[in-house]
Amino acid sequence: MVVVPHPAAGGDTRGASTVETDDAGAPVAQVRRHRDLAVAVAEIESAHHPRWVWTSTASVYPHLLRAGVRVQRCHDLATTATITSMRAGTPGLPSDEPVDERPGLFDAAPAVDIDTVLAQFAEQRRVLSEDRRLDLLIAAESAGTLAAAEMGFDGLPFSADAHRRLLESVLGPRPAGYEPPRRIAEVTAEICAAFGRPLNPASHAEILDAFRREGIDATSTRKHVLKEIDHPAVPLLLRHRDLSKLYSTNGWHWLDTWVHGNRFRPVYVPGAVVSGRWASRGGGALQIPKSLRSSVIADPGHTFVVADAGQLEPRILAAMSGDRRMVAAAGADDLYAPVAAAAFNGDRAKAKVAVLGVLYGATSGDARSLLTVLRNSFPVAVDFVERAARAGERGEVVYSWLGRACPPPEPGFHSHGDVRARGRFTRNFVVQATAAEWALCVLAELRRRLTTDPDRTAGELVFFQHDEVVVHTRNPDLAAAHIEASVQSATRLLFGDTAVRFPMKLAVRDTYADETDGE
DNA sequence: AGACAGGGCGCC
DNA sequence: AAAGGGCGCCCTGTCT
């Protein structure tokens with residue numbers, strides 16, 4: 001363990017200090033002063049790969065990456081504090097540290113004294129040393145912060161030319177000024193013609209008003225509502241919505257902002273979702289529309305290995321609950337097939353609806369009755385989430401498998417609707433948060449394997465999205481082997497010797513697009 | 001001018 | 001096919 005305080009504000013890395021500690025966080029050597037943080041980290045890292053302890057990866061590591069310095073392991077104090085304070089019921093009190101989004105600068109956080117950092121680390125070690133699962137969670141979260149910074153820095157291979165071709169074929173040429181692209185202008189004109197009056201197709205109020213003038217009372221302008229209306233403007237409105245979405249969210253401006261040097265460089269924010277899932281800041285990294293994925297093109301000589309965990313959350317529920325029949329079902333490649341056989345006369349569609357309904361807290365009568373059927377065959381699994389739901393309804397906090405706490409309820413939650421919503425949230429939390437932990441452990445192990453493989457062609461992580469990883473590699477077989485091994489490792493770390501399987505759908509392609517998507 | 005809420009969509 | 005959970009982002013419309 002080597003502790004480094006937060007660097008001074010303003011990008012001034014002079015005066016950086018390090019001190020070596022034992023596992024408990026007690027110093028075992030003198031504090032060393034360094035002229036340059038990146039140089040010091042590079043030197044120490046090459047000697048013995050310590051676990052770096054710092055205030056936050058988000059505020060320190062981007063600077064190191066820009067200096068060409070990478071580390072294997074860290075302990076992120078801010079991330080740890082966020083998790084432990086949520087467990088203590090005092091969310092949001094410790095450092096809400098801003099992440100470094102400005103190249104070349106550290107954020108404006110004040111410099112922190114090394115004794116303060118040491119004290120915080122020692123206290124966190126004391127807590128973690130008593131809780132093996134929490135210790136594992138913190139290690140995985142910390143590794144995740146490194147992976148997030150590295151993926152944001154390296155970027156996802158993305159062909160700006162391919163994307164420009166897509167935009168031009170769908171929207172027309174790039175507008176010179178602020179006027180809308182040709183195809184959007186055309187469909188807007190057609191909509192106005194269909195209604196016989198000018199209107200702004202982006203205004204819900206104007207659309208509803210226009211329909212009302214023709215004697216059509218729509219409750220909203222949602223797609224499924226519009227589709228019920230027999231009117232020539234309906235398909236035009238839906239098309240306008242699609243085009244506008246592409247233009248405004250992933251159009252030329254998005255390309256200029258987020259894609260440079262044929263790399264899409266998003267800002268990942270690990271653990272930003274209460275369940276522990278990652279979020280992204282700007283660029284919509286975790287919501288890349290399917291239509292854009294054919295522009296994610298591997299470099300020459302490289303391919304992508306795209307791996308996603310199929311039916312992850314039901315498998316997580318099986319492992320958490322220990323329901324013997326559900327565990328047995330989760331030993332199959334298709335979990336829904338044995339569930340259907342056991343409870344739904346082989347009707348797979350019904351089995352799927354029932355399982356998803358139990359995970360999300362379905363309220364519709366249809367799914368409720370299927371849930372009752374599911375309970376007959378899988379009582380332990382159903383009871384597991386029902387207990388989480390009832391705890392939430394009582395205002396209690398629930399926990400993931402490794403001990404992440406969900407936020408406490410809002411003080412004023414008492415209405416029937418609030419209480420039921422809280423139950424659906426806590427019901428889903430226990431599974432979604434544990435699924436996030438499993439995926440994070442996969443990511444951490446995969447990162448470790450890829451970066452330490454003596455064969456330098458194993459590849460690099462370029463994308464992570466909840467239950468999916470993408471490796472950019474010259475050697476897809478090796479990358480795939482590392483993915484499989486990482487899945488085994490994560491499963492064993494969390495659930496030990498379980499019969500639950502987590503089959504990965506692996507695909508080797510030169511674009512991120514699903515091969516079923518048309519060219 | 002800027003903040004915020006609500007509607008809507010698409011990603012898991 | 002959707003439903004239920006979690007997000008980010010865009011738009012309009014309203015309020016300050």
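Proteins get letters first, then strands, A, B, ... in listed order; numbering begins at 1 in each. All of these numbers come straight from a predicted model, not from anything done at the bench.
Closest to the A/H466 side chain, of the nucleotides C/dG5, B/dC12, B/dG7, is B/dC12. When distances run from any side-chain atom of A/Q432 to the nucleotides B/dG7, C/dG6, C/dG4, the shortest one goes to C/dG6. In this structure, the nucleotide among C/dG5, C/dA3, B/dC12 sitting nearest to the side chain of A/L356 is C/dA3. Residue A/S220 has its side chain nearest to B/dG8 when only C/dC7, B/dG8, C/dG5 are considered. Among the nucleotides C/dC11, C/dG8, C/dG13, the one closest to the side chain of A/Q287 is C/dG8. Here C/dC9 is the nucleotide among C/dC9, C/dG6, C/dG5 with the atom lying nearest to any side-chain atom of A/K245. Side-chain proximity of A/F425 to C/dG6, C/dC10, C/dC7: nearest is C/dG6. The side chain of A/K290 lies closest to B/dC11 when the candidates are C/dG5, C/dC10, B/dC11.
One finds a side-chain N or O of A/N200 lying less than 4.0 angstrom from the OP1 or OP2 phosphate oxygen of C/dT12. For A/R241 and B/dC9, the shortest distance from a side-chain N or O to OP1 or OP2 is below 4.0 Å. Distances shorter than 4.0 Å separate some side-chain N or O of A/K223 from OP1 or OP2 on B/dG10.
A side chain to side chain contact (heavy atoms under 4.5 Å, CB included) with A/I229 is found for one member of A/L237, A/I216, A/D217 and no other, namely A/I216.
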Pairs counted only when both distances fall under 3.5 Å, Watson-Crick or G-U: show me the 5' to 3' dot-bracket for DNA chain C, [ ] for pseudoknotted crossings and | for other-strand partners. ....||||||||||||

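The side-chain tip of A/R164 does not point at the ring of A/W252 from less than 6.0 angstrom away and within 45° of straight on.
Separating the CG atom of A/N428 from the P atom of C/dG5 is a distance of 8 Å, rounded to the nearest angstrom. Nucleotide C/dG6 holds its C1' atom 13 Å from the CG atom of A/D467, rounded to whole Å. In this structure, CZ of A/R420 is placed 18 Å from P of C/dA3, rounded to the nearest angstrom.
With 3.5 Å as the limit, one finds a donor-acceptor pair spanning the side chains of A/S59 and A/S56. Judged purely by distance below 3.5 Å, without hydrogens or angles, the side chains of A/D334 and A/Q311 pair a donor atom with an acceptor atom. Side-chain contact, A/W438 with A/T491: a donor N or O sits under 3.5 Å from an acceptor N or O. A donor atom on one side chain and an acceptor atom on the other are not found under 3.5 Å apart for A/S203 and A/N200.
Across all strands shown, A/T221 has heavy atoms under 4.0 Å from sugar-phosphate atoms exclusively, and none from any base. Residue A/G357 is out of contact with every strand shown, counting any heavy-atom pair closer than 4.0 Å. Among the protein residues, A/V353 comes within range of the nucleic acid bases, having at least one heavy atom under 4.0 Å from a base atom. Within the 4.0 angstrom heavy-atom criterion, no nucleotide atom of any strand lies near A/S275. Within the 4.0 angstrom heavy-atom criterion, only backbone atoms of the sugar-phosphate kind lie near A/D242; the bases stay farther away. Using a 4.0 Å heavy-atom distance criterion, A/Q465 is classed as a sugar-phosphate-only contact. Using a 4.0 Å heavy-atom cutoff across all strands shown, A/L359 reaches no nucleic acid atom at all.
Using a cut-off of 4.0 Å between Lys/Arg side-chain N and Asp/Glu carboxylate O, A/R501 and A/D333 are scored as salt-bridged. Using a cutoff of 4.0 Å between basic side-chain nitrogens and carboxylate oxygens, A/D154 and A/R265 are not scored as salt-bridged. We find that A/D209 and A/R213 are joined by a salt bridge, their nearest charged nitrogen and carboxylate oxygen being less than 4.0 Å apart. Using a cut-off of 4.0 Å between Lys/Arg side-chain N and Asp/Glu carboxylate O, A/R277 and A/E141 are scored as not salt-bridged. The pair A/E445-A/R448 counts as a salt bridge, with a side-chain nitrogen and a carboxylate oxygen less than 4.0 angstrom apart.
Taking 3.5 Å as the limit, the base of B/dC12 and the side chain of A/R277 contain a donor-acceptor pair of atoms between them.
Classified by its glycosidic torsion, C/dG5 falls in the anti category, the angle being over 90° from 0.
For the segment residues 391-410 of chain A, no residue has any heavy atom less than 4.0 angstrom from an atom of DNA chain C.
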